[in-house]
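First the structure, in the form of structure tokens, and then the observations on it.
Whatever order the structure lists ligands and atoms in, that order sets their numbers, starting from 1. What you are looking at is a predicted structure, and each value in this text was computed from that prediction instead of being measured. In what follows, residues are counted from 1 in the order of the sequence shown.
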Amino acid sequence: MLEGKNVALGVCGSIAAYKSALLVRLLVKSGANVQVVMTPDATNFITPLTLSTLSKNPVYTDYFVAETGEWHNHVELGLWADVLVIAPASANTLAKMAVGLTDNLLTAVYLSAKCPVYFAPAMDLDMWKHPSTTANIDTLQSFGNILIAPGTGELASGLHGEGRMAEPEEIIAFLAADIKKKLPLVNIKALVTAGPTYEAIDPVRFIGNHSSGKMGFAIADELAMLGADVTLVSGPSAQVSKQRAVKRINVTTAAEMLEACQQNYTDAAVCVMSAAVADYTPLTVAPQKIKKQDDGLTIETKKTTDILKFLGDNKKEGQLLVGFALETNNEEQNAIEKLKKKNLDFIVLNSLSDAGAGFKTDTNKITIIDRQLQKTTFGLKSKEDVAKDICDKIRSLLKK
Ligand code: CTP
């Protein structure tokens, strides 16, 4: 959930600041881009050098860099952030946030941030219990800021009680779960196919095609970013999912792809079949390498099962089925025939006659045709943006 997210991490003056090092490391490991802002007091507990080394970014501690006269733009940082996490959040900073005081860069970033703000308090038992702390937290929550509650345990003062900052692992888990639960496709299972299939002729040769898998991987990533639980059945492809939550099943042949789809179809609310599945497979696979002969070679083939049609024939109420049509001629007519024959909710048509569309390219140009034969044509876009358009259509149909 944190892959590619811009996380501004605010660190306040608290003994728990030593945990910020691990928090930064875990955020980076989760795929987030991290920029740390420290209050001047925080630098007494952990050095900016430690956090800049771990975050691989400069750490900001003040409005101004005295040596260069440079100014750190808090508005820019606030706008850059997809989430602002203040951990540890000291009683002092919580109070400033509650009343809008901006006497340091972190509180100025807080006031400028338009993104969700999470705060993980860390303080001594009595400070935590003080009515002013409770009131400040209530105020922050009334602003929509999200509390990551402290735990109970031994405190720096030697006392035992509530006030310990949540552990970095807990903070990461909290952020991921909270971000996910607000996504539009949460609790929706999706099944996506991608890439080519290879049908063996003999131990060294196969019938395949030029599909790279880029479009299917982009769709799987986009669905996962929207919160869906995605299973991606991929033929041989060098692509890697950007979203770690995507469950990948590697297959080689059309028969293996069919089996994987059958196993994952039942509870999938959304199915997008973008693989370029071989329509034919050799009738038999030669056990040894076929030797060169004087005359030509004829390979007898049989039809593979049309996976998309199988899913369409077995579609249950509430399941949404999306197919692709890669055409070279009579594009729309062929696509509409496939839409009807395979019982699809919509079909994504791309034409090899469009420059920049189809196999291997990083771009695609599509037309979406739905059951009502409503047609939407898009311009040439990156496959990531095309995936967004396809997912917009999926979302609009899920709402109905
Ligand atoms: N498809 C499939 N299983 C197959 C063949 C195709 O699931 N054995 C799916 C593809 O993933 C795609 C859609 O069917 O979503 C259309 O694929 P395409 O190759 O364009 O069409 P075909 O139905 O194979 O027809 P033709 O090759 O004659 O155009």
request  = Mark yes or no for whether T139, through its side chain, and A135, through its backbone, hold a donor-acceptor pair below 3.5 Å.
outcome  = yes

Any heavy atom of D279 under 4.0 Å from ligand 1? The part involved is side chain

Checking heavy atoms under 4.0 Å, the part of T305 that sits near ligand 1 is backbone

In this structure, atom 16 (C) of ligand 1 is nearest to the protein heavy atom F324 O, 2.8 Å

### N-O pairing of E167 and R164 below 4.0 Å
yes

Might you check, step by step, whether the distance between atom 19 (O) of ligand 1 and some protein heavy atom is under 4.0 Å? no

Under 4.0 Å from atom 27 (O) of ligand 1, is there at least one protein heavy atom?
yes

Checking Q243 against D221 for the side-chain hydrogen bond (donor to acceptor under 3.5 Å, both in side chains) test, could you report, in this order, the C-alpha distance in whole Å, the side-chain angles of both residues, the deciding distance, and whether it holds?
CA-CA 5 Å; Q243 293 297 309; D221 278 340; 5.6 Å; no

protein heavy-atom neighbour closest to atom 21 (O) of ligand 1 works out as K338 NZ, 2.9 Å

### Task
State, without any angle test, whether N136 and T133 hold a side-chain donor-acceptor pair at a distance under 3.5 Å.
no

No-hydrogen, no-angle side-chain donor-acceptor test under 3.5 Å, T197 and E199:
yes

_Heavy atoms of other groups near D392 CG, more than 12 under 6.0 Å_ = yes

To atom 15 (O) of ligand 1, the nearest of M273, K303, E327 on a heavy-atom basis is M273

Self-check item: Donor-acceptor pair between S351 and E331 side chains, under 3.5 angstrom
Solution: yes

In this structure, atom 4 (C) of ligand 1 is nearest to the protein heavy atom V277 CB, 3.4 Å

Among non-hydrogen protein atoms, atom 1 (N) of ligand 1 lies closest to D306 OD1, 3.7 Å

protein heavy-atom neighbour closest to atom 3 (N) of ligand 1 works out as I307 N, 3.0 Å

The option among G312, A275, A278 carrying the non-hydrogen atom nearest to atom 11 (O) of ligand 1 is A275

re atom 14 (O) of ligand 1, the protein heavy-atom contact at minimum distance is K342 NZ, 3.0 Å

Short version for K309: what comes under 4.0 Å of ligand 1, heavy atoms counted, is neither

Purely on distance, is any nitrogen or oxygen of L308 under 3.5 Å from one on ligand 1? yes

Note to self: Would you say Q35 and N57 are linked by a side-chain donor-acceptor pair, where the criterion is simply a distance under 3.5 Å?
What the structure shows: no

Review point. Once the angle between the rings of F174 and Y118 is folded into 0 to 90°, is it parallel (under 30°), tilted (30 to 60°) or perpendicular (over 60°)?
Key: perpendicular

Under 4.0 Å between heavy atoms, the region of T304 that gets near ligand 1 turns out to be side chain

For G323, the ligand 1 atoms with a heavy-atom partner under 4.0 Å come out as 15 (O)

Can you see whether T50 engages T47 through a side-chain donor-acceptor pair at a distance of less than 3.5 angstrom?
yes

